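Source: prediction; values computed, not measured. For ligands, and for the atoms within them, numbers begin at 1 and follow the listed sequence.
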Amino acid sequence: MITASTAVRITPSAAVDPADWRQLWRDAVTDTGELLAQLGLQHLVGRLPPADAGFALRVPRGFVARMRHGDARDPLLLQVLPQLAELEHVPGFVTDAVGDMAARAAHGVLHKYHGRALLIASGSCAINCRYCFRRHFPYGEEIAAAGQWRQALEHLQQDASISELILSGGDPLALVTAKLEELSRGLAELPHVTRLRIHTRLPVVLPERIDASLLAWFDALPLQKVLVLHANHANEIDAGVDAACRRLRDAGVTLLNQSVLLRGINDDADTLAGLSERLFAAGVLPYYLHQLDRVQGTAHFEVDDAHALALIEALRQRLPGYLVPKLVREVGGEAAKRPL
Ligand SMILES: *Cc1c(COP(=O)(O)O)cnc(C)c1O
Ligand code: SF4
């Protein structure tokens, strides 16, 4: 194993405006050979699965810049690099692991838990994470933002028990701000919805998305605002992410983080403690540590429950309680996420 830690120098393609998140989004690395060449890992090209194992490589250049040069076990690289192991069929690992479609309440709306409705706001992500259920999700039909969010807003209107609206996806901040403004105009007529929560990986993988127009939208929103980031390793958080988090907090947004427990990436106590402390330094509290959803092609990332519990116990012994995430598993048909 090579552990040289020379920082990777990644320059955006010539014509890209570094202040325009949509240009940066389009400028992501999508060619596995190019990614490995930038990291000095050309020798791995022969070990890649054909056709990216059916789920394209995609990673923003700013995220590549946080990977260690020459390290084939880099925890950021392992989250995005297609692996031969993804082609193995392992019993119990299926395409709809969470049974989400059974909770579909209206077009693009999942209503599974009391008081909270979740909208599949967008099918796009700036990054493709290998462990994600999204590799099999039939997004084509199921985007709540299609039209003017009409069906989603109608569902919210009919159920006064819903006080929290959750935007998920895909990545909801993939939507242009004008699309989010359409939603907030609709929400203005729904007094029982008092909280808006957004689950997004963009402040971490493309912090340029937290631009002036998005901050103005947050600022003007007359709801309580929660944003759940998704970082799995402290190395994902750099000065650009710190700055994005600061701008969000200044706009009145509460910041939480959820991670997925991933073998070979964050399945040791030092790494998880380092993540919690780095998150807190960025003004973010750890919320959930998820056991992997058993999605086809992801079995090589799974950590067994006994080890997961031992890790949480180790965190309890060395961190303040507020830096210990809740270890949970998503189980279809239950009234809440199941604590381990
Ligand atoms: C995870 C999830 C939620 C939110 O659950 P919390 O425990 O409040 O974070 C809501 N709706 C759906 C469909 C979910 O999968
Ligand atoms: S939904 Fe989240 S975890 Fe899945 S690919 Fe998109 S950013 Fe990654």
Undergrad: For the side chain of His111 and the backbone of Ile162, is there at least one donor-acceptor N/O pair under 3.5 Å apart?
TA: no
Undergrad: For atom 14 (C) of ligand 1, what's the nearest protein heavy atom and its distance?
TA: Lys337 NZ, 3.2 Å
Undergrad: Name the closest protein heavy atom to atom 7 (O) of ligand 1, giving the residue it belongs to and the distance to 0.1 Å.
TA: Tyr288 OH, 2.6 Å
Undergrad: Which of these, His230, His199, Arg201, has its nearest heavy atom closest to atom 7 (S) of ligand 2?
TA: Arg201
Undergrad: Look at the side chain of Arg116 and the backbone N and O of His114, then say whether any donor-acceptor pair between them is shorter than 3.5 Å.
TA: yes
Undergrad: From the options Val284, Asp242, Asn257, Asp238, select the one residue that forms a side chain to side chain contact (heavy atoms under 4.5 Å, CB included) with Arg278.
TA: Asp242
Undergrad: Taking 4.0 angstrom as the limit and counting only heavy atoms of Arg116, give me the atoms of ligand 1 inside it, by number and element.
TA: 5 (O), 6 (P), 7 (O), 8 (O)
Undergrad: Do me a favour and list the nearest non-hydrogen protein atom to atom 9 (O) of ligand 1 with residue, atom name and distance?
TA: Tyr287 OH, 2.7 Å
Undergrad: Hey, is Glu236 close enough to Arg201 for a salt bridge, meaning N to O under 4.0 Å?
TA: yes
Undergrad: Tell me the contacting part of His111 for ligand 1: side chain, backbone, both, or neither, using a 4.0 Å heavy-atom threshold, strictly below.
TA: neither
Undergrad: Where does the angle between the aromatic ring planes of Phe301 and Tyr131 fall among parallel (under 30°), tilted (30 to 60°) and perpendicular (over 60°)?
TA: perpendicular
Undergrad: Taking NZ, NE, NH1 and NH2 as the nitrogens, is one of them in Glu182 or Arg185 under 4.0 Å from a carboxylate oxygen of the other?
TA: no
Undergrad: Under 4.0 Å between a side-chain nitrogen and a carboxylate oxygen: does that hold for Glu334 and Arg329?
TA: no
Undergrad: Taking only non-hydrogen atoms of Asp171, do any sit less than 4.0 angstrom from ligand 2?
TA: no
Undergrad: I need the nearest protein heavy-atom contact for atom 12 (C) of ligand 1: residue, atom name and distance, please.
TA: Leu118 CD1, 3.6 Å
Undergrad: Identify, for atom 4 (Fe) of ligand 2, the protein heavy atom at the shortest distance, and state residue, atom and that distance.
TA: Cys132 SG, 2.3 Å
Undergrad: Is Gln258 touching ligand 1 with its side chain, its backbone, both, or neither, if touching means heavy atoms under 4.0 Å apart?
TA: neither
Undergrad: Would you call Arg247 and Asp219 a salt bridge, taking side-chain N to carboxylate O under 4.0 Å as the test?
TA: no
Undergrad: Going by heavy atoms, is Glu330 under 4.0 Å from ligand 1?
TA: yes
Undergrad: Can you sort out which atoms of ligand 1 are near Ile166, meaning under 4.0 Å from one of its heavy atoms?
TA: 3 (C), 4 (C), 10 (C)
Undergrad: What protein heavy atom lies closest to atom 8 (Fe) of ligand 2? Include the residue and the distance to one decimal.
TA: Cys129 SG, 2.3 Å
Undergrad: How far is atom 13 (C) of ligand 1 from its nearest protein heavy atom, and which residue and atom name does that atom have?
TA: Lys112 CB, 3.7 Å
Undergrad: Is the shortest side-chain N to carboxylate O distance from Asp304 to Arg263 below 4.0 Å?
TA: no
Undergrad: Answer yes or no: is there a donor N or O on one side and an acceptor on the other, between the side chain of Arg134 and the main chain of Asn128, under 3.5 Å?
TA: no
Undergrad: So does Cys125 have any N/O/S atom less than 2.8 Å away from atom 6 (Fe) of ligand 2?
TA: yes
Undergrad: Has ligand 1 got any nitrogen or oxygen that is less than 3.5 angstrom from a nitrogen or oxygen of Tyr113?
TA: no
